[in-house]
Amino acid sequence: MDLSSELGKEMYRNMWRIRLFEEEANRQTSLGSVVGALHMYCGEEAVAVGVCSNLRDDDYVLGTHRSHGHCLAKGAESRRMMAELFGKVTGTCAGKGGSMHIADFSLNMLGANGIVGAGIAPATGAALASKLRGTDQVSVCFFGDGAAARGTFHEGIGLGALWKLPVIYVCENNQYQQWVPRMNVAVVDSVADMAGSYAIPGVSVDGQNLVEVYEVAGEAVERARKGGGPTLIEARTYRFYGHSLGDEEQYRTSEEVEEWRTNQDPIINFRSTMMEQGWLTEEEDAQIQNEIQDEIAEAVRFAEESPYPTPEQVTTDVLAPAQEVA
Amino acid sequence: MMRTLTFTEALREALHEEMDRDDTIFVIGEDVITHGGPYKVTEGIAERFPGRIFETPIAEAGIMGVGVGAAMAGMNPVVEIMYMDFVTCAMDEVVNQAAKMRYMTGGQASVPMVIRLPCGVGRLLAAQHSQIMESWFMHVPGLQVVVPSTPGDAKGLLKSAIRSPDPVLFFEYKRIYTSRGEVPDGEHTIPLGQAKICREGEDATIVAIGPMVQKSLEAAILLEDDGYDVEVVDARSLSPLDTDTICESVRRTGHAVVCGEDSSFAGAVSEIAAMIGENCFRELNGPVVRVGSPHVPMPFSSELVKHVVPEVPNITEAVGRVMM
């Protein structure tokens, strides 16, 4: 295993950060502090963390409507993200984006996206930019299984493959397209199999297994950095909550959800691995969870105490401030 | 006397000069290398700037999305959509992605991309290869809409559009690609959002878009015989719109006609007319009249097209109406 105790602890901590951030955001929604749609990433943490742990700060990430995990895994500050969900001016997007458009360009996290499959071609474009500039930055696009039905999947990956761009397409197959089981509306079960249409490698991984995701993503990132072109990774995963808050979840049984929560929790799975390797003690585990809990509590405090944007800010950021021609 | 170029040559010169100046600029589109684009605007770029022009499969959403991503990552793409009608295959990328990125990210994102759109009636290609649709994009905050009417403006506006930090929809009326006019050599930029008074007059203002500018100038000469001294304003940029220049002219003349080739119903001319009505009501001595196409898809038969595309008599008739 290409992992160390130090990196393992870092990834373990990052998964807890996502889990607790999401659960707190959920709680704040029920309290009325967070409004708008909230698509929780709980259950899928190993995908974002496993992939992003292979990335440098200057690598690009583009996400989905369910992207809090991608942002946090890329290194975004939980307090600025929480402030964004509260609609505060201290948020990552100054309160103008919200949950579905959360972004942190200082980390080259080029944004969540409210349109399914809309990040695939832009991620390809960011990879084209790296190639044109002659840097070895890679781009990662996360998208759901629903996106694999969109034309943008075909067009975006087609162009990335044509020009052998440094881009990794990561499909988070959580088995449900909003409220519909994937196989009710798809004919190809594994999204990874669709890579054959573009003559690029396609790999299906257990998205609940952090080590597996980390290793497969690592190979794809290395290949992309060395000029070997794109990879399509399908991470088979599961969302522990519904599509978004208030989902009645009539499309799946509570037994199925319970089974995944009990036996397929990526954080619990990885804790076992860490313990088996002797990389984590009970005390360290408790300490990590306590620290993250404190961090999230501080994030809420920061969000609560931050001011809202001013009325003048309604009309800023439509175009760049100065439109003068150089 | 200044040298003359065709509209196509002026655009090509602007592209070459800008690509020479700034190596973050690249061109992407269908048939842009092998054929030089359907109207030959990108001819010669592959030879002079190898590796900076990308000929794509037929995938408008993919092309546009790649442009958006490359722009967010610091490049300056010039996207060619073969016929502007095909931009409808990439509307999410233009409207939900390019236009909104800066705002949604609280000012973090910049999408400096130019989308070149050959538009309007040309070689009788009928309804799916002849649309204009300027007002669709005027309606979307975050987009800029630019419409040159002369080769000189085509060069100056394209260079400014390429340098703009925000997306520009650049409308190229196919019918005037072969028109010829004076074009300054070398550096020549025209700030976006500035209309131009092409002819001064005292009795009425014609605000015109694209090829209607030339027709308005022709109409103005005919109207002299009727005793009318008409001012012609080329809007040049529809968003941002130079309301100051337009209103100043209308307040002076007291009459306004707004001319465009697109359907006038909910078209660019309607927004301009409403803006004039709202701002110049007290100075107006007659109704603001729009001249444009009837609200029909572009037909095929040349006998039908004649009744769709507005011509000089439509303008003189409209001026006559507002002067009554």
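These numbers come from a predicted model, not from an experiment. Per chain, numbering begins at 1; letters A, B, ... match sequence-line order. Hydrogens, waters and symmetry mates are skipped; everything else that's a heavy atom, side chains included, is used.
Taking B:Glu60, B:Met101, B:Gln97 one by one and counting their heavy-atom pairs under 4.5 Å with chain A, the maximum is reached by B:Gln97. For the options A:Val89, A:Leu165, A:Thr152, A:Leu132, heavy-atom pairs under 4.5 Å to chain B are most numerous at A:Leu132. The choice from A:Gly119, A:Ala126, A:Gly114, A:Gly97 that makes the most heavy-atom pairs within less than 4.5 Å of chain B is A:Ala126. Looking only at heavy-atom pairs under 4.5 Å with chain B, the residue among A:Leu162, A:Ile157, A:Asp104, A:Ile102 that has the most is A:Asp104. No other option in B:Val111, B:Asp92, B:Val68, B:Asn96 has as many heavy-atom pairs under 4.5 Å with chain A as B:Asp92. For the set A:Ile120, A:Thr124, A:Leu159, the count of heavy-atom pairs under 4.5 angstrom toward chain B peaks at A:Leu159.
Contacts of B:Glu93 with chain A are made by side-chain atoms alone, with heavy-atom separations under 4.5 Å and no backbone atom involved. Contact of A:Gln313 with chain B is made through the backbone alone, with heavy-atom distances under 4.5 Å. For A:Ser130, no part lies near chain B; criterion is any non-hydrogen pair under 4.5 Å. Interface residue A:Ile115: only side-chain heavy atoms are found under 4.5 Å from chain B. Contact annotation for A:Asn113: only side-chain heavy atoms (C-beta onward) come within less than 4.5 Å of a heavy atom of chain B. Contacts between A:Leu62 and chain B at a heavy-atom distance below 4.5 Å involve the side chain alone, from C-beta outward.
Between the side chains of B:Gln131 and B:Asp85, at least one donor-acceptor pair of N or O atoms lies under 3.5 Å. Side chains of B:Ser164 and B:Gln144: a donor-acceptor N/O pair is present below 3.5 angstrom, by distance only.
Using modelled atom types, one side-chain atom of B:Asn279 and one backbone atom of B:Met275 make a donor-acceptor pair closer than 3.5 Å. Side chain of A:Lys74 to backbone of A:Asp57: a donor-acceptor contact under 3.5 angstrom is found. No donor-acceptor pair under 3.5 Å is formed between the side chain of B:Arg236 and the backbone N or O of B:Pro191.
Between A:His68 and A:Tyr41, the distance separating the two ring centers is not shorter than 6.0 angstrom.
A parallel orientation is assigned to the rings of A:Phe142 and A:His70, their planes being inclined by less than 30° (bins at 30° and 60°). The aromatic rings of A:His154 and A:Tyr198 sit tilted relative to each other, their planes meeting at an angle between 30° and 60°.
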